[in-house]
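Quick caveat, the model's predicted, so the values are computed rather than measured.
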Amino acid sequence: MYYPPGIRAVETTANIRTQLYSLPYGDQAISIAKDVFDFVGGFPDQCLMEDYELVSLLRKRAALIPKLCDLCEKEELKIIPGKAALCSPRRWQKFGVLYVTFMNSKFVNLYCGGMTPD
């Protein structure tokens with residue numbers, strides 16, 4: 001399988017971003033318990049940025065836990081050790097690493113600035 005130049009750097013920086021900022025995206029195989037998924041309302045019903053919004057909801061929930069219950073364990077986002085999840089590289093292959101990385105960053109910034117995903 002062809003992997004475009006720079007894709008390994010994207011993988012590495014995505015993992016670093018997740019570890020430092022607890023900010024994974026959907027192509028990093030987000031895995032959560034069903035009761036937690038149900039508690040935050042499942043995936044947001046939107047065509048883009050649903051993974052970003054889901055992580056935002058999870059972060060808000062994790063921030064509430066200590067305030068609601070002193071006996072609850074602290075919840076956190078973390079990378080689970082083991083074999084890596086596989087994600088299709090076809091978007092990266094078709095458009096290239098620089099373009100896809102730029103567009104991903106642009107969409108995140110527009111979304112955080114208030115633009116709706118529709």
Side-chain angles (χ1 to χ4, degrees):
M1 180 176 286
Y2 166 71
Y3 292 100
I7 197 68
R8 298 288 181 224
V10 170
E11 291 175 2
T12 300
T13 56
N15 287 333
I16 291 170
R17 182 195 66 236
T18 299
Q19 288 179 332
L20 291 178
Y21 303 110
S22 296
L23 192 57
Y25 295 139
D27 60 356
Q28 290 176 274
I30 299 169
S31 177
I32 58 175
K34 183 184 181 320
D35 60 337
V36 174
F37 185 72
D38 292 342
F39 179 80
V40 298
F43 277 112
D45 186 22
Q46 54 193 64
C47 61
L48 289 174
M49 304 301 294
E50 71 284 351
D51 53 345
Y52 188 89
E53 189 63 28
L54 176 65
V55 169
S56 175
L57 293 169
L58 290 167
R59 292 173 93 181
K60 290 174 187 170
R61 179 186 189 276
L64 286 175
I65 294 297
K67 295 173 185 161
L68 297 175
C69 175
D70 292 332
L71 302 175
C72 298
E73 288 186 37
K74 182 179 184 286
E75 292 186 0
E76 62 183 344
L77 296 171
K78 63 181 180 179
I79 295 176
I80 300 170
K83 289 187 100 178
L86 298 178
C87 179
S88 172
R90 68 180 174 263
R91 182 171 43 123
W92 302 92
Q93 292 168 336
K94 183 175 181 178
F95 298 110
V97 170
L98 289 177
Y99 178 79
V100 173
T101 300
F102 171 77
M103 293 306 291
N104 286 348
S105 297
K106 181 178 177 178
F107 289 138
V108 167
N109 286 325
L110 288 170
Y111 187 74
C112 289
M115 181 175 258
T116 65
D118 299 322

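Shown here for Pro117 and Cys47, the closest heavy-atom pair between the two residues is O-SG, 3.1 Å. The shortest heavy-atom contact between Pro44 and Leu54 is CG-N, 4.1 Å. When all heavy atoms of Leu58 and Val40 are compared, the pair lying nearest together is CD2-CG1, 4.1 Å. Across every non-hydrogen atom of Pro4 and Trp92, the tightest pair is CG-O, 3.6 Å. The minimum heavy-atom distance linking Phe43 with Phe37 is given by the pair N-CZ, 3.4 Å.
Atom CG of Leu20 is surrounded by more than 12 heavy atoms from other residues, nucleotides or ligands within 6.0 Å. No more than 12 heavy-atom neighbours from other residues, nucleotides or ligands sit within 6.0 angstrom of CE on Met115. In this structure, Leu110 places its CG atom where more than 12 heavy-atom neighbours from other residues, nucleotides or ligands lie under 6.0 Å away. Annotation: Phe107, atom CZ; neighbour count of heavy atoms from other residues, nucleotides and ligands within 6.0 Å does not exceed 12.
Here the CZ-OG1 distance, from Arg8 to Thr13, works out to 13.0 Å after rounding to the nearest 0.5 Å.
Listed by chain and number, the residues in a ring pair (Phe, Tyr, Trp, His ring centres under 6.0 Å) with Tyr3 amount to none (sequence neighbours excluded). Applying the salt bridge (charged side-chain N to carboxylate O under 4.0 Å, His left out) test to Lys83 and every residue at least two apart in sequence or in another chain returns nothing.
Side-chain N or O atoms of Ser105 include one that pairs as donor or acceptor with a backbone N or O of Thr101 at under 3.5 Å.
Using a 4.5 Å cut-off between side-chain heavy atoms of Ile, Leu, Val, Met, Phe, Trp and Tyr, with links allowed through other members, Ile16 and Val108 fall into the same hydrophobic cluster. In the hydrophobic clustering of this structure, Leu98 does not group with Val10; members are Ile, Leu, Val, Met, Phe, Trp, Tyr whose side-chain heavy atoms approach within less than 4.5 Å, directly or through other members.
Contact annotation: the side chain of Glu50 never approaches that of Asp45 to less than 4.5 Å [non-hydrogen atoms, C-beta and beyond].
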